[in-house]
Amino acid sequence: MTRTIVIAVLLGAGLLAASPGCSEQGVGDPCTPEQEYNADFNGFNVKEVNIESKSFQCRTRVCLVNHFQGRVSCPYGQNTDGSPASGEGYTVPGSTKPVGCIIPGSDVPITGNQNDPNTLAAVSPQCLDRTADRAVYCSCRCADINGNKPSDENFCKCPDGFTCTPLVTSIGVGNEGLTGSYCVKSGTDYVASTACNTGFCDESSAIAQCQ
């Protein structure tokens with residue numbers, strides 16, 4: 001399956017997209033990042049911020065991945081051999097061995113990066129304190145890198161329940177339109193020292209199940 005992916009990544013990785021204008025309409029709507037339609041994508045890193053611009057799932061055209069671990073479409077993750085990390089997983093056609101993750105809307109298993117012996121097909125489970133509903137959703141750019149809103153650029157006003165938060169401070173040359181602040185769900189600020197300390201999604205645990 002081939003899809004066009006436009007992603008911007010913070011914290012040392014390259015930013016590869018141009019930011020479109022946006023509106024507060026649709027901020028907070030759920031979205032599944034386009035990277036998750038690639039079978040070799042192991043998942044996101046909680047230390048990073050990813051901005052997917054030109055997202056067709058979002059009315060704002062921006063799908064925000066704000067310090068999130070794993071895959072939106074696979075909350076419980078899977079082991080290096082592709083088997084479910086917890087629970088029963090999925091049984092795909094032509095195989096009797098269950099897998100933990102599949103491409104959204106299909107029966108194609110996630111193979112992961114087979115060139116990396118440290119990861120192979122492994123997908124990390126979502127962190128209980130930064131599940132997809134708290135860290136991945138449609139957003140928009142609400143201020144520039146200095147916290148201002150110059151008249152020659154497009155910005156949005158964050159709706160109730162969202163805070164205009166600085167997220168992207170450094171990008172590659174030619175992608176300055178992605179730096180600045182984005183509308184973030186109030187009460188979900190990322191704190192590196194405490195992120196993921198409350199545990200992970202586990203389908204076999206009644207107190208750690210995630211959707």
Side-chain angles (χ1 to χ4, degrees), residues 1-17 29-58 62-139 190 195-196 198-205 208-211:
M1 180 180 296
T2 301
R3 286 173 173 252
T4 300
I5 301 172
V6 187
I7 298 292
V9 183
L10 179 63
L11 300 179
L15 296 178
L16 306 175
D29 288 350
C31 58
T32 300
E34 288 289 310
Q35 282 176 291
E36 298 202 18
Y37 291 89
N38 290 336
D40 60 357
F41 177 62
N42 290 82
F44 295 98
N45 187 322
V46 73
K47 296 180 180 180
E48 298 177 348
V49 169
N50 291 258
I51 305 293
E52 180 185 307
S53 71
K54 299 182 181 179
S55 171
F56 293 108
Q57 297 182 42
C58 295
V62 173
C63 181
L64 169 66
V65 184
N66 182 19
H67 295 289
F68 169 76
Q69 174 174 287
R71 279 173 159 260
V72 172
S73 56
C74 189
Y76 304 111
Q78 66 181 20
N79 301 313
T80 55
D81 64 351
S83 62
S86 66
E88 298 181 357
Y90 304 92
T91 300
V92 299
S95 175
T96 58
K97 176 185 176 182
V99 298
C101 305
I102 56 177
I103 289 179
S106 78
D107 54 18
V108 178
I110 300 306
T111 57
N113 182 4
Q114 294 296 307
N115 294 320
D116 185 346
N118 295 315
T119 59
L120 296 177
V123 174
S124 298
Q126 295 178 19
C127 302
L128 288 177
D129 60 337
R130 301 203 67 78
T131 49
D133 62 311
R134 293 173 59 82
V136 184
Y137 44 82
C138 300
S139 184
Y190 170 72
C196 297
T198 59
F200 308 95
C201 295
D202 184 345
E203 194 172 12
S204 63
S205 172
Q209 290 195 356
C210 305
Q211 298 295 324

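Just so we're clear, the structure is a prediction, and the values are computed from it rather than from any experiment. Because only heavy atoms are used, hydrogens play no part in the values below, and waters and symmetry mates are left out as well, while side chains stay in.
The SG atoms of Cys63 and Cys138 do not lie less than 2.5 Å from each other. Pairing of Cys31 with Cys58 by a disulfide is not supported, the SG atoms lying 2.5 Å or further apart. The SG atoms of Cys201 and Cys127 sit 2.5 Å or more apart.
Thr131 approaches Cys210 most closely through the heavy-atom pair CG2-SG, 3.9 Å. Pairing each heavy atom of Val72 with each of Glu36, the nearest pair is N-OE2, 2.6 Å. Taking every heavy atom of both residues into account, Thr198 and Leu128 meet most closely at O-CD1, 3.4 Å. Closest approach of Pro117 to Asn115, counting heavy atoms only: CD-O, 3.5 Å. Scanning both residues, Phe44 and Phe68, for their nearest heavy atoms gives CB-O, 3.4 Å. What you find for Val49 and His67 is that their closest heavy atoms are CG2-NE2, 3.4 Å.
Atom CD of Gln126 and atom CG of Asp133 lie 8.0 Å apart (nearest 0.5 Å). Here the CZ-CD distance, from Arg71 to Gln78, works out to 8.0 Å after rounding to the nearest 0.5 Å. The structure places CG of Asn113 at 10.0 Å from CG of Asn118, a figure rounded to the nearest 0.5 Å. Rounded to the nearest 0.5 angstrom, Glu52 CD and Leu64 CG are separated by 10.5 Å.
Applying the disulfide bond (SG atoms under 2.5 Å apart) test to every pair with at least one member in residues 68-119, sequence neighbours left out, gives these pairs: Cys74-Cys101.
The closest donor-acceptor contact from the side chain of Asp129 to the backbone of Cys196 lies under 3.5 Å. Between the side chain of Asn42 and the main chain of Leu120, a donor-acceptor pair closer than 3.5 Å is present. Not a single donor-acceptor pair under 3.5 Å links the side chain of Asn45 to the backbone N or O of Gln69. Looking only at distances, a side-chain donor or acceptor of Asp81 sits under 3.5 Å from a matching main-chain atom of Ser83.
For the pair Val65/Gln35, no side-chain contact is recorded, criterion being any heavy-atom separation below 4.5 Å from C-beta on. The shortest side-chain heavy-atom distance between Asn66 and Arg130 falls under the 4.5 Å cut-off. In this structure, Ile103 and Ile110 have side chains that are in contact, with non-hydrogen atoms separated by less than 4.5 Å. Side-chain contact between Val136 and Pro33: present, with at least one pair of heavy atoms (C-beta onward) separated by less than 4.5 Å.
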### Query
Stepwise, does the side chain to side chain contact (heavy atoms under 4.5 Å, CB included) test hold for Val62 with Ile51?
CA-CA 7 Å; Val62 173; Ile51 305 293; 3.9 Å; yes
When the side chains of residues 85-93 are checked against the rest of the protein, which donor-acceptor pairs come out under 3.5 Å, sequence neighbours left out?
{"residue": "Ser86", "atom": "OG", "partner": "Asp202", "partner atom": "OD1", "Å": "3.4"}
{"residue": "Ser86", "atom": "OG", "partner": "Glu203", "partner atom": "N", "Å": "2.9"}

